[in-house]
Amino acid sequence: MISKFTCLRTLRLAARHPCRPRSLATAAPNRAADFVRIVEVGPRDGLQNEKTSIPVDTKIELVERLAQTGLRTIEAGSFVSPKWVPQMANSSDILQHILASPPKSAAPITYQWLLPNVRGLDNFLSAWEAKTSSTSMKDNADSASPLPETELSIFTAATESFTQKNTNCSIDESLARFEPIMSRAKDLDLPVRAYISVALGCPYEGPNVDPHKVAELAVSLLEMGADEISVADTTGMGTAPKTAELLKTLSAAGIEKNDLALHFHDTYGMALVNTVVALEHGIRTFDAAVAGLGGCPFSPGATGNVATEDLVHLVHSLGAKTGVDIEKLAEVGEWISKEIGRSNESSAGKATLARLRKSGR
Ligand SMILES: CC(C)(COP(=O)([O-])OP(=O)([O-])OC[C@H]1O[C@@H](n2cnc3c(N)ncnc32)[C@H](O)[C@@H]1OP(=O)([O-])[O-])[C@@H](O)C(=O)NCCC(=O)NCCSC(=O)C[C@@](C)(O)CC(=O)[O-]
């Protein structure tokens with residue numbers, strides 16, 4: 001199937017978007033071969049499935065603490081229906097707080113916001129524009145604490161069943177919802193990343209998701225204007241051979257490595273193995289959640305994202321850089337785990353803390 005559209009799509013992809021986004025592609029240091037960019041999804045993917053309502057102050061404090069670890073990109077909330085995902089209902093408050101008092105950080109941070117439809121975009125914009133329109137670009141550049149970079153995330157899935165369960169529509173309908181979001185985001189110069197869920201296994205259709213379907217969707221999203229595709233192993237069913245096959249299929253479809261991020265959940269303990277496979281294929285952007293927080297409300301049995309501390313430890317052990325201070329990050333992982341009453345799922349985080357405590361720190 002892929003060979004039929006590969007050449008045409010490759011040409012189309014090469015011609016798209018002469019103007020690349022500010023953060024996703026122009027982050028020059030983040031594109032060095034030995035630099036791995038981490039997208040911290042803990043405040044969104046990590047918290048969205050928690051059953052007990054988490055106070056907005058705790059969510060803001062999590063973002064502020066993460067901002068001090070060296071992480072450069074944080075997905076801080078989502079503008080989805082509160083009837084579907086009640087835990088994310090106060091994302092507007094978090095956005096407004098971040099814009100009004102950008103968290104302290106050594107380097108500028110980009111904040112991402114997930115949305116499923118135009119209603120989500122409208123809700124996002126009513127909070128975002130109120131602040132950004134009152135700060136001119138010049139004022140912003142001159143300001144001691146300029147407005148943080150902002151990006152949007154949209155999401156669809158590689159199977160019809162998951163798309164229905166997650167967003168109450170078909171895959172095609174989900175793409176149709178993105179068209180107006182994409183065009184308004186481009187007008188506002190806001191980069192857009194697009195997730196493709198269940199790329200390596202679906203809770204409703206099983207472990208064998210067609211990699212060509214993932215490639216076809218990725219091409220459609222890039223053609224539509226997405227600046228980055230985050231390919232998600234929502235269920236953690238991915239294995240090393242399946243990850244390699246998927247990445248080869250995406251490459252054969254003309255998708256560049258720099259356009260891809262990988263988003264592994266660690267349900268079967270395979271996330272780091274699959275990360276190594278992806279690193280060997282040249283992927284340099286990975287999503288993760290501090291302390292291994294997370295789970296998708298519409299993926300029964302799926303556990304958290306790969307823990308950011310474990311990802312950082314892996315990358316550093318391979319001699320590459322992340323810019324993240326693992327000791328500070330481990331403290332954040334332990335703090336948020338206690339705050340929300342769940343166990344810290346990061347092996348590297350717990351080991352780092354044990355070492356720190358032993359040395360009296
Ligand atoms: C897409 C919908 C809204 C369709 O849901 P629907 O019920 O079909 O939508 P609707 O258009 O019929 O609207 C129903 C009600 O929701 C309201 N509504 C409609 N849209 C919004 C909105 N944006 N924000 C706030 N309210 C909204 C709308 O106004 C209406 O309110 P009512 O008239 O009944 O009072 C719903 O299915 C939804 O919100 N789904 C989101 C599910 C979700 O957040 N899943 C988790 C995130 S994805 C994920 O975790 C995977 C990922 C990204 O991490 C990668 C991976 O690991 O796989």
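Values below: all heavy atoms of this structure, side chains included; hydrogens, waters and symmetry mates excluded. Read the numbers this way: they start at 1 and go in the same order the structure lists the ligands and their atoms. Computed from a predicted model, the values in this text were never measured in an experiment.
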Novice: What I want to find out is whether R65 reaches E61 closely enough, with some N-O distance under 4.0 Å, to be called a salt bridge.
Specialist: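 Between E61 and R65 there is a salt bridge, with a charged N closer than 4.0 Å to a carboxylate O.
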Novice: Within a radius of less than 6.0 Å around NE2 of H263, do more than 12 heavy atoms belonging to other residues, nucleotides or ligands occur?
Specialist: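 Yes, the 6.0 Å shell around NE2 holds more than 12 heavy atoms from other groups.
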Novice: With sequence neighbours left out, what residues match Q68 under side-chain hydrogen bond (donor to acceptor under 3.5 Å, both in side chains)?
Specialist: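 None.
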Novice: I'd like the contact residues of ligand 1, where contact means a heavy atom below 4.0 Å.
Specialist: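 Heavy-atom contacts below 4.0 Å: R44, D45, Q48, F79, V80, S81, P82, K83, W84, V85, L114, P116, N117, R119, G120, N123, F155, N166, T167, N168, R177, Y195, S197, A232, T234, H263, H265, C296, F298.
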Novice: Give every donor-acceptor pair under 3.5 Å between a side-chain atom in residues 92-103 and any protein atom, sequence neighbours left out.
Specialist:
from	atom 1	to	atom 2	distance (Å)
H97	NE2	E64	OE2	3.2

Novice: Does R184 make a cation-pi contact with F124, if we ask for NZ or CZ under 6.0 Å from the ring centre and within 45° of the axis?
Specialist: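 Checked: cation-pi criterion not met.
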Novice: Partners of F298 by ring pair (Phe, Tyr, Trp, His ring centres under 6.0 Å), sequence neighbours excluded?
Specialist: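 Scan of F298 (ring pair (Phe, Tyr, Trp, His ring centres under 6.0 Å), adjacent residues dropped) gives W84.
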